[in-house]
Structures are given as C-alpha cells and as structure tokens.
Amino acid sequence: MDFGLATGSLAQRRTGCIVVGVYERRQLSPSALDLDAASGHALASVLARGDLEGEPGTTLLLHDVAHLACERVLLVGLGRECDFRESRYLTALASAVKALRTTGTAEATLCLPELHVGARDAAWKIEQALIAVMDGTYRFDQLKSKPPAAGHALRKVAFHVADGPDATAGEAAIGRGLAIAAGIVLAKDLGNMPGNLCTPVYLADRARELGSRHGFEVRILEREDLEQLGMGGFLAVARGSRQPPKLIVMEYRGGAGDARPVVLVGKGITFDTGGLCIKPAAAMDEMKFDMCGAASVFGALHAAALMKLPLHVVGIVPATENMPDGNAIKPGDVVTTMSGQTVEILDTDSEGRLVLCDALTYAEKYDPAAVVDVATLTGSIASALGDVASGLFSSSDALARELLAAGDRAWDRAWRMPLWDDYQEALKSNFADFPNVGSGDICADCAVTAACFLSRFTSRYPWAHLDVAGTVSRGGADKGATGRPVALLAHFLVGRAEGNAGR
Ligand code: MN
Ligand code: ZN
C-alpha cells in the first residue's frame with residue numbers, strides 16, 4: 001500500500017474515491033461541504049432522500065457525482081459532532097476502509113484527518129488513519145492452497161490536508177505510521193502462524209532474518225546454554241516439549257554504544273496446552289497466540305529499526321511450547337530459577353511466569369535503563385479489562401506514567417493495576433521459596449499475583465509488565481492476532497529516543 005498527502009481542490013481531484021464524513025443528522029464535514037458546493041448540492045440532495053443519517057459505522061457510496069473529477073464519493077457516518085472523539089474517529093476509518101474494499105477503486109483520498117478529534121493534531125490523525133488502512137486491508141492467506149482473489153483493488157491512499165504546517169507534520173506522520181504498521185503486520189503474521197509451524201526454531205530463524213535485514217545482532221541461546229545459566233524455570237517448562245527451547249536475544253544499537261539499553265522481554269510460548277493442568281478443548285487453538293508478547297517485541301524492534309531511532313534496545317524472547325508429556329513438569333515440582341530462588345509449581349498452566357522469570361534475571365546483565373515485559377499471562381486480565389486496555393503493572397511510577405502516555409499517544413491503551421504488598425501475601429509455599437500461583441481468596445489465574453511473582457525477579461532495574469492476554473488476539477469470526485501492543489511499545493521507544501524518560 002502506498003501512502004501520500006493531497007492538498008488543494010477536492011472537486012478537481014482525479015482519483016477513484018474521495019472519502020468524507022457526515023455527522024448526525026446529515027451535517028456535512030468541511031470537505032463534504034466543499035464537494036457539495038462544487039457539485040451543485042448533489043450530496044445534500046442525496047442525504048435529503050434519507051439514505052444516510054450520519055450514524056457511526058454507516059457509509060454511502062456515490063458514483064459519478066456531477067462536476068467532480070473523482071469517480072466516487074464515499075460518505076462516512078460520524079455520529080453526533082459533540083460525541084466525536086478518538087474511538088469514533090477509528091470507527092469511521094474502519095468503516096471507510098471496509099467500504100473501500102468492496103469497490104474496484106485502486107486509489108482513494110481520505111479527508112477524515114481534517115475532523116476535530118479532541119485535541120489530537122494532524123500527525124496523530126494521519127498516523128492513526130494509515131494504521132487503520134493497513135489494519136482493514138490485512139489478510140493472513142499465506143497458508144491457503146490457492147492464492148485468494150485479491151480482496152480489494154486498493155493500492156494507494158492519500159490523506160487530504162491543508163497546505164502548510166499540516167503537510168509537513170503529515171509527511172513525518174506517514175513515515176512513523178509506516179514503520180509502526182510494518183511492526184504490527186509482523187506481529188500479526190507471527191501470531192497467526194499456527195503452532196506446528198511457528199515453533200521456537202521458527203521464531204529464532206525470523207529473529208535472525210530481522211537482524212540481518214536491519215544489521216542488528218541476534219544471538220540464540222540453546223538448551224545447553226540455558227542449563228549453564230541455571231534457567232531452571234524456563235527449562236522446567238521446556239522439558240515437556242519435543243521442540244528445543246530457544247532464548248532469542250536481539251540487540252538494536254541505534255544510539256550511543258555505551259548507553260544503557262531499554263530491554264523488552266516477550267513471552268514466547270509457541271503453544272500452550274496448559275501442560276498436565278491441561279486446558280479445555282474449546283478454543284484451545286487460540287493458544288497459538290501465547291507467543292504474541294514475543295511477537296510484539298519483534299514488531300517493536302522492527303519499527304524502531306525502520307524509524308532508525310537513536311536508542312539502544314534489547315529484545316529477549318524465551319521461546320518454548322508448554323506440553324503434557326511423560327517428561328513434563330508435575331504440580332508440586334520444585335525448581336530453582338536462575339535468580340537462585342526456588343519455586344513450587346502448583347499449576348503447570350502458569351508457565352509464562354516460569355519462562356519470564358529467568359529471562360528477566362538474564363536481563364540484569366545489560367544494566368538496563370528500563371525493562372518492559374509483554375506477556376499473555378492471565379485470562380483474568382481479560383475479565384478485568386476486556387479487549388480494550390492491556391494491564392500495566394510497574395514498580396516504578398515514572399515508568400508506568402511513561403507507558404500509559406505512550407499507550408494514549410498510540411491509542412493502544414494500557415491501564416495500571418496494583419502491585420501492593422497485600423497481594424504478595426498470596427504467594428506462600430510450605431516447600432519452596434514461593435509457588436507459581438497464589439492461594440487463599442485469590443484465584444490461581446489472578447493477574448495481580450502473576451505480576452507479584454515477576455516482581456520478585458526484577459528488583460535490580462526499573463520494571464514494568466504488560467499483561468496483554470485480552471488485547472493481542474480476537475476470537476470469533478474475526479479470529480486473529482491484533483498486533484498489539486506494538487504501537488504502544490513503538491511510541492514508548494520514540495519517547496525514550498526523544499529523551500522523555502520519566503517525564
Ligand atoms: Mn498457560
Ligand atoms: Zn501461557
């Protein structure tokens with residue numbers, strides 16, 4: 001997909017389709033008013049017939065409108081002007097792309113970034129529009145036996161902006177949007193790839209590929225290396241699988257060589273059966289998405305490298321399957337983690353924290369400026385926050401603020417959850433230092449005690465944890481990876497590169 005800016009007269013613009021907004025009730029947006037005036041009020045007279053009221057999510061396609069040089073005009077319902085905010089803007093973009101996909105147009109001019117969206121500037125609106133177009137045209141069809149008929153003809157999208165500062169900001173926004181969208185596509189592709197193909201070996205190969213594309217260093221630690229490091233948590237999970245585990249380390253050095261890095265750690269369980277505490281069969285296929293934290297780390301590094309951010313970033317991905325097997329861990333097993341702390345494994349389905357804890361200890365060797373881990377850790381975070389916000393836990397208020405702000409800028413939002421000592425009380429074992437799940441009134445799947453568990457391995461650096469189990473994938477008819485929270489991470493890295501740490 002090609003993206004560009006368009007300025008100047010809309011009426012004379014030769015393009016396949018011009019997309020303009022209509023508020024309830026039949027109230028034309030500025031560009032729609034321009035087209036209406038140039039066409040002898042063709043738009044107003046169609047609306048007067050009652051074909052589009054302007055409700056959110058509705059569209060109306062007009063062909064060969066008199067006196068306009070474009071082939072089509074797509075009217076997009078925006079809802080009431082006073083209610084028009086970020087989520088309505090994204091709804092309008094998604095409905096526009098959906099409608100464009102049903103047409104034969106190869107080129108479209110989008111006027112929606114002209115709309116007032118709270119206090120958002122032109123750059124924000126263009127970046128979001130670009131990502132929405134990429135999102136709405138994304139398909140995962142590499143495993144179909146026949147190449148599917150192209151779902152749409154759309155090849156080029158121009159964002160119509162006023163000349164001047166908006167155009168300058170627009171160019172930069174397109175560059176940033178393209179990089180973030182590419183990171184999102186990578187994360188979606190990795191997430192959607194099934195567990196028989198997307199194995200730890202596959203992830204390691206894709207990491208090497210990414211490294212050679214961007215010229216950054218990639219190291220893969222094998223089982224023997226993990227044994228030498230004493231990664232008893234990671235190895236405990238891996239022992240149930242026939243697939244060899246891989247600790248993938250990607251190091252992007254865009255900044256000064258001696259700068260302390262930002263470390264991103266992504267949970268890379270390429271398939272989670274639950275182990276001997278096996279999961280129910282229904283929707284178990286969606287457990288291929290249990291490596292989406294890892295996928296988002298790949299995506300964020302890809303985006304950072306495309307943006308050539310002047311920053312030192314390390315991505316660490318512990319990758320393994322969690323399988324039931326004669327050699328698999330059993331409830332009650334006690335293992336020694338790389339930190340030296342012992343863990344009683346009460347629930348083999350709480351495997352994510354067992355692989356993450358060793359990766360988080362390994363991160364210490366980089367003397368990191370900050371560590372952010374991203375993991376599909378608990379179902380309970382999805383019960384709490386749904387698919388809207390990722391759960392954020394942090395031992396550092398400054399880092400938490402930074403990530404919340406990045407999520408807001410990216411519109412890939414997170415919501416902060418507590419890490420209070422009161423919750424730490426739930427992690428008590430009679431046989432080891434602590435168990436891998438909480439007990440007492442706290443459910444085994446509790447997102448807060450999961451974060452408390454991780455906090456015991458992260459005291460040496462500013463740390464945050466994103467529980468993304470509710471946001472990285474969708475079930476149902478739209479089943480698939482969403483590419484979250486690549487945009488959040490990318491904006492976090494942009495902020496770091498601009499020197500906004502802890503602001
Ligand atoms: Mn699990
Ligand atoms: Zn898992």
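Numbering of residues begins at 1 and proceeds along the displayed sequence. When a ligand or atom number is given, it counts from 1 through the structure's own listing order.
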Quiz prompt | Atom of D272 closest to the Mn ion (ligand 1), considering N, O or S atoms | solution = OD2
Quiz item: Where does the angle between the aromatic ring planes of Y366 and Y362 fall among parallel (under 30°), tilted (30 to 60°) and perpendicular (over 60°)?
Solution: perpendicular
Self-check item: Among D290, D272, D467, side-chain hydrogen bond (donor to acceptor under 3.5 Å, both in side chains) partner for T376
Solution: D290
Practice problem: Please indicate whether F431 has more than 12 foreign heavy atoms, meaning atoms of other residues, nucleotides or ligands, lying under 6.0 Å from its CZ. | Solution: no
Quiz item: How about I269: does one of its N, O or S atoms come closer than 2.8 Å to the Zn ion (ligand 2)?
Solution: no
Quiz prompt | D349 near the Zn ion (ligand 2) via N/O/S, less than 2.8 Å | solution = no
Quiz prompt | Donor-acceptor pair, side chain of Y252 and main chain of A305, under 3.5 angstrom | solution = no
Quiz item: What's the atom name of the N, O or S in E351 nearest to the Mn ion (ligand 1)?
Solution: OE1
Quiz item: Considering only N, O or S atoms, which atom of D290 is nearest to the Zn ion (ligand 2)?
Solution: OD2
Quiz item: Between C357 and L454, what is the shortest heavy-atom contact and its length?
Solution: N-CD2, 4.4 Å
Quiz item: Are any N, O or S atoms from D290 nearer to the Mn ion (ligand 1) than 2.8 Å?
Solution: no
Exercise. Using only N, O or S atoms, tell me which atom of D272 is closest to the Zn ion (ligand 2).
Key: OD2
Self-check item: the Zn ion (ligand 2) to E351: nearest N/O/S atom name
Solution: OE2
Quiz item: Among side-chain atoms of H214 and E209, is any donor-acceptor pair under 3.5 angstrom?
Solution: no
